[in-house]
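Below is one structure, written out as structure tokens; comments come after it.
A note on names: the letters A, B, ... follow the listed sequences, proteins ahead of strands, and every chain is numbered from 1.
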Amino acid sequence: MSGIYFYNTETNRKEEFVSIEPDHVRMYTCGPTVYDFAHIGNYRAYLFEDVLRRYLKYRGYKVTHVMNLTDVEDKIIRKSQEQNCTIFDVTKTYEAAFFEDLDSLCIERAEHYPKATDHVPEMIDLIKKLQEKGMTYEKDGSIYYRVNMFKDYGRLSGNRPETVQAGARIDADEYEKEEATDFVLWKSRKEGEHFWQTELGEGRPGWHIECSAMAMKLLGSHFDIHCGGEDNIFPHHENEIAQSEGATGERYVNYWLHCRHLLVDGEKMSKSKGNFYTLRDLMNKGFHPMAIRFFIVASHYRTPVNLTMEGLHAAHASWSRIMDFHGRLKEIMQNDAEGRRSDNLDEERTQCLQRFKEHMDDDLDAPRAVAAVFDFIREANKIMDEGPIAKIQAQEILEALSQIDSVLGVIVEEEFILDEEIERLIQERHEARKNKEFAKADAIRDQLTEQGIILEDTRDGVRWKRR
RNA sequence: GGCGGCGUAGCCAAGUGGUAAGGCAGAGGACUGCAAAUCCUUUAUCCCCCGGUUCGAAUCCGGGCGCCGCCUCCA
């Protein structure tokens, strides 16, 4: 059987994935800077990574996944100064919000969420290693990485140091460095800023160093996969390679996977354009988090996704189709009647699972994998329309669906109870229908629809679901 | 200026040499008291444009046009 293929940013090719340790994948993904609520574009990256880790598990790997939390950085410091509080007061709020959002989106927890502020000693060690190798220089108490000392610089992004300088914007950093491409490893203390007292002096770490230090601490100096949004390719990940490999002399990461940005109405999200959405904003507009998840998860991670309200509505409809199918099977399981077994259905189920795997193996081609699921749903519905199927078969399909959903993560098993008032209305409508008082029955149905409860009359009685 | 990516129906989106998946929306039909759900039929003579290679290209090559991202701390 063929293996899994991923598009590696470093080689610009799809490559067969081979883990360093058999059956175990070690991956690092760049997490949020907890200075504000994350927006839906940020979650695209986390959702892509979630599907990646879920799929690796689906394919039998044990996954050790590390996602960092950047909790010391310019914007955090600025906010703490404005609000006259510590950086920790700022970060704890948004960190909590971040985890709440992960739960809303059914994003699985990574194995580790290291924070930068907890790993200053590790960063210091790494910087010292680079110093010993003569790859750094100091200016006014700050320490810089000398990019020219790393001959492989530019391997990932294709930006060679000499071309970066050509047309790049003028360095806006307040710190002094020799070459435009050099970057700061350690920032000397500034008045009013949070700082650490260390053997490198008083100051705080630069941004890139935290990922190298924490990744290598938790995953080793050479691991399998590193992910992030496309904007991380340069300079962040390029610099991570330079730091890590510069210090260890070993290869840092085998596969670099990056997702494209999520656009809003064709444009990059920004506060000034007013097209900036947090997950909470979209939920307040009435979108179910699973519809939002489906919208993103069913797109290909290497294609820019354009978020529109129309698109979200379509995603909700598609997701409902899956949920309806799931509900239909659950209902069969609960019915007393026993149906017949359909060989065709077995065939369709097997084929669906096979196609799902085949497409996900091909660089996580979710659009095609999802199409296979819809094909199956249509065929299965057709067979079930012809007559009841055997319970055991419904059970098998539910199991297949659950396997697929262990990757997509969009099926919610909510066993919620209707409150008495609604229960009473449904009963009242039932009576009205029996007496052919259709106007009254329809009025009740409309009323419940407004409350988000949809009624469907079937041969076996009324069925209800949430919008 | 440098690096990378994209351009397929009303919308979203697959397809990288063999004659256009899938979802949403729309239209018609079956079912229904009416709906909903479900099923059936239907919706691109054609894949941004122009050349070229080929028996054959949306798919490869060359040249345009348009759009997006990155180029120092934004996923």
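- For the C1' atom pair drawn from U42(B) and G69(B), the interatomic distance equals 39 Å after rounding to whole Å.
- Checking G33(B) for Watson-Crick or G-U wobble geometry (two distances, each under 3.5 Å) identifies no partner in any strand.
- The side chain of P367(A) approaches A14(B) more closely than any other nucleotide in the set G33(B), A14(B), C73(B).
- Residue F374(A) and nucleotide G22(B) are not classified as a stacked aromatic pair, given the requirement of ring centres less than 5.5 Å apart at an interplanar angle below 30°.
- Between T303(A) and the phosphate of A14(B), there is a side-chain N or O to OP1/OP2 separation shorter than 4.0 Å.
- With ring centers used as reference points, H258(A) lies 6.0 Å or more from Y301(A).
- Distance, E310(A) CD to A9(B) P: 14 Å, rounded to whole Å.
- No hydrogens or angles considered: nothing links the side chains of D140(A) and S188(A) as a donor-acceptor pair under 3.5 Å.
- Of all nucleotides present, only G52(B) satisfies the Watson-Crick or G-U wobble test against C60(B), with each distance under 3.5 Å.
- Base-pair partner of U16(B): not found among the strands shown (Watson-Crick or G-U wobble, both distances under 3.5 Å).
- In this structure, the nucleotide among C24(B), G69(B), A75(B) sitting nearest to the side chain of R260(A) is G69(B).
- Judged by atom type and distance alone, R328(A) does not reach the base of A37(B) through any side-chain donor-acceptor pair under 3.5 Å.
- Nucleotide A9(B) has no partner under the Watson-Crick or G-U criteria, as no pair reaches both atom distances under 3.5 Å.
- Nucleotide G26(B) forms a pair with U42(B), judged by Watson-Crick or G-U wobble geometry with both contacts under 3.5 Å.
- For the pair M360(A) CE and G22(B) P, the computed distance is 20 Å after rounding to whole Å.
- Remark: K382(A) is not in phosphate contact with U38(B), judged by side-chain N or O atoms under 4.0 Å from OP1 or OP2.
- Nearest to the side-chain atoms of D74(A) among the listed nucleotides C73(B), C39(B), A75(B) stands C73(B).
- G5(B) atom P lies 5 Å from atom CG of N12(A), rounded to whole Å.
- Taking atom C1' on both nucleotides, C40(B) is separated from G64(B) by 46 Å, rounded to a whole Å.
- Nucleic acid contact for Y46(A): sugar-phosphate only, since backbone atoms but no base atoms lie under 4.0 Å from a heavy atom of the residue.
- Atom CE of M384(A) and atom P of C40(B) are 13 Å apart (whole Å).
- For K436(A) and C34(B), a side-chain-to-base donor-acceptor distance below 3.5 Å is absent, hydrogens and geometry of angles not being considered.
- Remark: R463(A) is not in phosphate contact with A35(B), judged by side-chain N or O atoms under 4.0 Å from OP1 or OP2.
- When distances run from any side-chain atom of H300(A) to the nucleotides C71(B), C40(B), A14(B), the shortest one goes to A14(B).
- In this model, no side-chain donor or acceptor of R321(A) finds a partner on the base of C24(B) within 3.5 Å.
- Per the geometry, OH belonging to Y7(A) stands 13 Å off C1' belonging to U16(B), to the nearest Å.
- Here A21(B) sits opposite no nucleotide as a Watson-Crick or G-U wobble pair (both hydrogen-bonding atom distances under 3.5 Å).
- In this structure, a donor-acceptor pair under 3.5 Å is present between the side chains of D281(A) and T278(A).
- Of the listed residues (E193(A), H194(A), E73(A)), just one forms a side-chain hydrogen bond (donor to acceptor under 3.5 Å, both in side chains) with R204(A), and that residue is E193(A).
- In this entry the distance linking CG of D385(A) with P of A37(B) reads 13 Å, nearest Å.
- Ring pair Y94(A)/F37(A) is perpendicular by interplanar angle, where above 60° counts as perpendicular and below 30° as parallel.
- Atom C1' of A44(B) sits at a distance of 12 Å from the matching atom of A58(B), rounded to the whole Å.
- Nearest to the side-chain atoms of N232(A) among the listed nucleotides C70(B), A75(B), C3(B) stands A75(B).
- Annotation: G1(B) and C12(B) have their P atoms spaced 30 Å apart (nearest Å).
- Whole-Å rounding puts the N68(A) CG to A75(B) P distance at 10 Å.
- Each of D101(A), D103(A), D50(A) was scored for a salt bridge (Lys or Arg N to Asp or Glu O under 4.0 Å) with R293(A), with one residue passing: D50(A).
- Between G7(B) and U32(B), the distance separating the two C1' atoms is 45 Å to the nearest Å.
- Look at R302(A) and you won't find any side-chain N or O under 4.0 angstrom from OP1 or OP2 of G4(B).
- With salt bridges taken as basic N to acidic carboxylate O contacts below 4.0 Å, none links D362(A) and R368(A).
- Residue R368(A) has its side chain nearest to A21(B) when only A35(B), A21(B), C11(B) are considered.
- Side chain of A317(A), nearest nucleotide from C24(B), A35(B), C73(B): C24(B).
- Here the separation of C6(B) from U38(B), taken at their C1' atoms, is 38 Å to the nearest Å.
- Checked by distance alone, R433(A) brings a side-chain donor or acceptor within 3.5 Å of a matching partner on the base of G33(B).
- With rounding to whole Å, I76(A) atom CD1 is found 15 Å from C73(B) atom P.
- Using a 4.0 Å heavy-atom cutoff across all strands shown, F325(A) reaches no nucleic acid atom at all.
- No hydrogens or angles were tested; on distance alone, nothing pairs the side chain of N306(A) with the base of C12(B) as donor and acceptor under 3.5 Å.
- Remark: K14(A) does not engage D365(A) in a salt bridge, criterion side-chain N to carboxylate O under 4.0 Å.
- The phosphate of C39(B) has OP1 or OP2 within less than 4.0 Å of a side-chain N or O from N381(A).
- Of the side-chain N and O atoms in Y35(A), none sit less than 4.0 angstrom from OP1 or OP2 of C73(B).
- Separating the P atom of U19(B) from that of C11(B) is a span of 26 Å, rounded to the nearest Å.
- With ring centers used as reference points, Y153(A) lies 6.0 Å or more from Y145(A).
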